[in-house]
Amino acid sequence: MTYTQTQDSLTGGVPDQGEVLRLLEPDGSRVADATLDPWVSDLSPHELRALHRDMVLTRRLDAEGVALQRQGQLALWAPCRGQEAVQVGTALALAPGDFVFPSYREHGVLLGRGAQPADYVLAWRGEEHSAYDHTTINAAPPQIIIGAQSLHATGWAMGAQRDGSTDVAVAYYGDGATSQGDVNEAMVFASSFRAPVVFVCSNNQWAISEPVTVQAKYPIAGRAPGFGIPSLRIDGNDALACVAAMRWALDRARLGEGPSFIEAVTYRMGPHTTSDDPTRYREPGEVEAWAQRDPIERLEAYLRAEGILDDSGLDEVARAADALAAEVRAACIGATTRAPETMFDHVYAEPHAGLDRQKAEYVDYLAGFEK
Amino acid sequence: MTYTQTQDSLTGGVPDQGEVLRLLEPDGSRVADATLDPWVSDLSPHELRALHRDMVLTRRLDAEGVALQRQGQLALWAPCRGQEAVQVGTALALAPGDFVFPSYREHGVLLGRGAQPADYVLAWRGEEHSAYDHTTINAAPPQIIIGAQSLHATGWAMGAQRDGSTDVAVAYYGDGATSQGDVNEAMVFASSFRAPVVFVCSNNQWAISEPVTVQAKYPIAGRAPGFGIPSLRIDGNDALACVAAMRWALDRARLGEGPSFIEAVTYRMGPHTTSDDPTRYREPGEVEAWAQRDPIERLEAYLRAEGILDDSGLDEVARAADALAAEVRAACIGATTRAPETMFDHVYAEPHAGLDRQKAEYVDYLAGFEK
Amino acid sequence: MTALTLGAAINAGLSKALENDDKVLLMGEDIGKLGGVFRVTDGLQQRFGAQRVVDTPLAEAGIVGTAVGLALRGYRPVVEIQFDGFVYPAFDQIVCQVAKLHYRSNGRIRMPLVIRIPWAGGVGAAEHHSESPEAYFVHTAGLRVVAASNPQDAYVMLRQAVASDDPVIFFEPKRLYHSKGEVDLDADLADAPPMHLARVAREGTDATIVTYGAQVRTALDAALAAEDEGVSLEVIDLRSLSPIDMNTVAASVRKTGRVVVTHEAAREAGVGAELVASITEQCFHYLETPPQRVTGHDIPYPPSKLEKHHVPDLDRILFAVDRVLEREEGVLR
Amino acid sequence: MTALTLGAAINAGLSKALENDDKVLLMGEDIGKLGGVFRVTDGLQQRFGAQRVVDTPLAEAGIVGTAVGLALRGYRPVVEIQFDGFVYPAFDQIVCQVAKLHYRSNGRIRMPLVIRIPWAGGVGAAEHHSESPEAYFVHTAGLRVVAASNPQDAYVMLRQAVASDDPVIFFEPKRLYHSKGEVDLDADLADAPPMHLARVAREGTDATIVTYGAQVRTALDAALAAEDEGVSLEVIDLRSLSPIDMNTVAASVRKTGRVVVTHEAAREAGVGAELVASITEQCFHYLETPPQRVTGHDIPYPPSKLEKHHVPDLDRILFAVDRVLEREEGVLR
Ligand SMILES: Cc1ncc(C[n+]2csc(CCOP(=O)(O)OP(=O)(O)O)c2C)c(N)n1
Ligand SMILES: Cc1ncc(C[n+]2csc(CCOP(=O)(O)OP(=O)(O)O)c2C)c(N)n1
Ligand SMILES: [Mg+2]
Ligand SMILES: [Mg+2]
């Protein structure tokens, strides 16, 4: 549903938690939506195949992350299975100059931005805090402090605005994050300065063990309008809806109409991270029900029905996915830990006598063992 | 206007900044309002006179604060002139067991809670951080950290809820405060736990030199519904509307319906504090325009027209106000500064050897000068 | 006595506190059904209900700020911050409100709040999950700060913290959560050593190691190793970081004349700085050599593959012991 | 040279920075039309426009967090926190983001951010308006922390801070805002002493006073008074609190053998603790007497009528000088 700030009687109109905008039904059949339709009418078969392909790649990559963790190659992994549509769909809508501020779970967004195999895993392995060069893929380091990146995105957008560019910043975060002060302050700043920023909230129903109802008794998308930010509540397992909503938001931003908010209603099929045991807090039935709304199967059904994708196309994608997984695995297993004294580097950009001394002392100390 | 979370078309319905609920026009004539009317239908002439009286007392007290500061008796004062209706009106609606969490400007709320003369001034004089006993007047110390008290009120309400009582917590803050993370987190917690708390936002158009439009492009009352909290936007210079809205909110809280939000649209007639020079940032015309909507004159006109108040009644109130001012002045000028070593007290509730030693050393040190 | 892990000992302490006083309640992220990401609150919501073991929205300022309100209403909230690195969003509420309300109200308001923080590194965790923020709180007047180093202390000190009318920052060394020790679950709090006293964890005569939290174990290991070299080290477990029990520390330093202070947190203006300064002020004429600090480097916590070079280990402690002992042929090698 | 107040010197520095680099912008509460509550940004919005001198919503995490984003986009934001006591809501953004992003990105991201903080007490202000939070930032790796004590330094160091590619916490002693001094507005930054070096504010031989910010003036007054008693005090103005220029400090202490450290902030784990610890480590064999700390007490900042007993004054400094000099007949009385 779409939300804006409105006046109403006191008793009126809290929308049902379930109402979302969509273009694809769970079985893949195409439905009309006046708000979203215009934004995907020009999607070519090629683009649709790319959308599907990146989702499959993301799922495969994610499975590889889980496997690598199980094998002791990674310290941790935050699975994104089930959330491929919102991650890939929104990333696909971006222009190269746009800049994303992801959380730790946005593997599909990084993929959409062109991340390299090592980029996905080195941080989870404990080799680096952040592996990739933010300027190469126009993505900030994954954010672990819940919600903090929403302000960074807003500030970056304020900069883009000052530069007179049409670049847009995108903040990705979860349903749990919406409770944080930072996320709300970001809406205040974005609205006040009409910053070209898009807030993408992946409402995957859970913040670790807490159901979304702990954070919000009413749809999250209903908050932004109160700050003067239009919002859409979409089916986050419908890749077409995700592309469309993102294009709507990006277009607003590029036209100088300011920030937008997207609540993508989706589901975290896996555990919170590989350290988590979701059987402690949720029913298997719930997971099964969401499995019926799988974003990849849904898009596949649609593309097959439209004649855009066939078995051989699917095979090709599966092979690409295996290849990516192999590359990621190789990048992970082949990683070497850097020399200990490098941990003193890049604390400061400019020389720092005190720290240089600490480094020198530690190098001497280590050298003592070699004698 | 009243707000709830609603769905609407993307282009629809941002209410005009000016729309407010009211029962008294600026000239004092009574108008009907379906939402508010039921809540004041039982107000007796006696209660109406008390409402008026407390507003006059607040104004006089406030003027005395300014005068005492000018005379060097107070370090600072934050004038509340123009905001008497929302402060006194909302306080009048409270039950004794309710607990208020004021900001630094809520002199009229403290008065409504039964503060004593010294309570208003000792903190502003620099004698104490907070002068009054919070349990005597059921009011937390005035809060200077903008917005922090909104969470305290919410927590207190969660406690009242656990006690099975019908006590309600009230957080008072300004328009500027609505930008703070804390204030938004308070709405999240209040909504999530259905806490019996009322948020009273005195939108006095300014946060020091910043007009409310820096904080909010759209009416502030429109935010709460997004969090699942019903809100009213009222004329904060209309004392009847303030009583009514507060009764509506308190009633909801006592019935277990959870939090409510009131935006009282008012105006800060004076400077931000006695240190401020508002001529640097606002037009005299604006102040004059708001002077036409004075809350005390408005109520006076209404009460006179209704035959509830006459010249002799007004004289009596004026005398009471002068008497209060004299008491406040006496409490202020008569205040003595406590012994320096008391500054070491009450850092901890339980013994603290290190600090006891610091205190003893300082006492010794001071004693050295007396030799 | 019962053999319990440090995590289980805290669970037992929380359970006892909930049992003994209706006004005690627990708040935090994922502490209910899940029992906390470290399972420290396991089973407590089931036992005491969702009104007393409360899963909160994901907002640390909100958690601490509402706990302040609950305290004002007469409750004794025990708040869990999920990891050390997530306490900062609550910093304003802790420093300006929790720490100051008793003072601000001239003693009329009490803040019997406990803020539990799974703490510090060495467990291969992701960024922001291995922080040692204790110095920030030690520098803040109005707070008490304690750190448990073993299950028995964890159990007793948790209960003492809940019983205290002052706000207590309660640090739980996460790399010891699974380490076991004997706990006297029926211990009378009145007989237990008060929370603010340090403990001589091991007696020795040649030099003193002052430390706290998980580093106590490392220091004891170092002392064992030194013993093999004929060096006798005294190890002091501070337990309380604010106030610091300088009587116990100074007595030891006056005896040994040599001291090494160690912690995981950064060195600059850390707790070690306070210790060295206080020791110098109070034991100047007893010191044979300058005190040595062995701390985390003045860097953000590094990626976990490098953490073993950041968290002071036995070797780095012995290296410093050599220096305070002015040994050419070191204990270390 | 021009005679300027410290506030006006900062205004001139900001103006120059805005002039010299399009990427510099100012953000804060009430810094535009009002020119800041201390008028430090007076006239700048009028001159450089509302896109470069930005009145922000009332939210400190928001101010610092959006500044982080602006820095990522290539800007050099100079942020004003209205008063010392209001920096805590931004603490998480400062400690977890501002301080760590360069490290986290292996040096790829730069955070050329300046956070200006009107600072400390002695001006009869209300609660939360007289805080000395510097130790929190000194303890945080990744930040540079400086404190100006006079108009010339304020002007030059502000410009150096803006020019630095590292984040700088810039403390402005508010009780000196109106004190005047000569400022060389045309000084070439390249010729000026770098921001991280301390300054010997007064030479002396009997003892060293180490301090910073507004306390420099108090220390100089103490030195003057001591001179009358035939005692020669050296006064060191640290200027930079992180890093601390220990070369300058140690050189002085090696010369005098006696040292008093003074600051307004609380003592426990404060900057003075770091100084005493470092001095002891580096100058142990030169010290004749134990170093003395003269600091704010370990209490929340008291009501302003009592602040003269909290902020160290000339007498308390001289009292400590007597102790490090072991004078029976004190300088003080
Ligand atoms: C400030 C902060 N508090 C707590 C945490 C611990 N934590 C990590 S993920 C998480 C849940 C986040 O939920 P949500 O925002 O819905 O994102 P999701 O994990 O579902 O993608 C929590 C509580 C954190 N990383 N940062
Ligand atoms: C956290 C914090 N930031 C900044 C300030 C400084 N300050 C004091 S009052 C004020 C404006 C508050 O405006 P508003 O909330 O509208 O309340 P009003 O003063 O208008 O009653 C500001 C910025 C503060 N006290 N606390
Ligand atoms: Mg989630
Ligand atoms: Mg206001």
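Reckoned from all heavy atoms, side chains included, excluding hydrogens, waters and symmetry mates. Lettering of chains follows the sequences in order, A, B, ..., and the numbering in each one begins at 1.
Only the backbone of C:Thr289 comes within less than 4.5 Å of a heavy atom of chain D; no side-chain atom from C-beta onward does. C:Glu60 does not touch chain D: none of its heavy atoms, backbone or side chain, sits under 4.5 Å away. For a residue to count as touching a neighbouring chain, one of its non-hydrogen atoms must lie under 4.5 Å from one of that chain's; by this rule C:His297 does not touch chain D. C:Val138 touches chain D through backbone and side chain together, each having a heavy atom under 4.5 Å away. In this structure, the portions of C:Glu281 lying under 4.5 Å from any heavy atom of chain D include both its backbone and its side chain. Proximity to chain D involves both the backbone and the side chain of C:Pro302, based on heavy atoms less than 4.5 angstrom apart. For chain D, no part of C:Ile94 is nearby; none of its heavy atoms comes within less than 4.5 Å. Within the 4.5 angstrom heavy-atom criterion, no atom of C:Phe86 approaches chain D.
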For C:Lys100 and D:His128, run side-chain contact (heavy atoms from CB on, under 4.5 Å): C-alpha distance rounded to whole Å, both residues' side-chain angles, the deciding distance at 0.1 Å, then the answer.
-> CA-CA 10 Å; C:Lys100 294 193 172 77; D:His128 306 293; 4.2 Å; yes
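Using cut-offs of 30° and 60° for the angle between ring planes, the C:Tyr136 and D:Tyr136 rings count as tilted.
Checking D:His139 against C:Arg267 by side-chain atom types alone, no donor-acceptor pair falls below 3.5 Å.
Summarising the geometry, atom CD belonging to D:Glu131 is positioned 6.0 Å from atom SG belonging to C:Cys96; distances are rounded to the nearest 0.5 Å. Taken to the nearest 0.5 Å, the CZ atom of D:Phe284 stands 8.0 Å off from the CD atom of C:Glu288.
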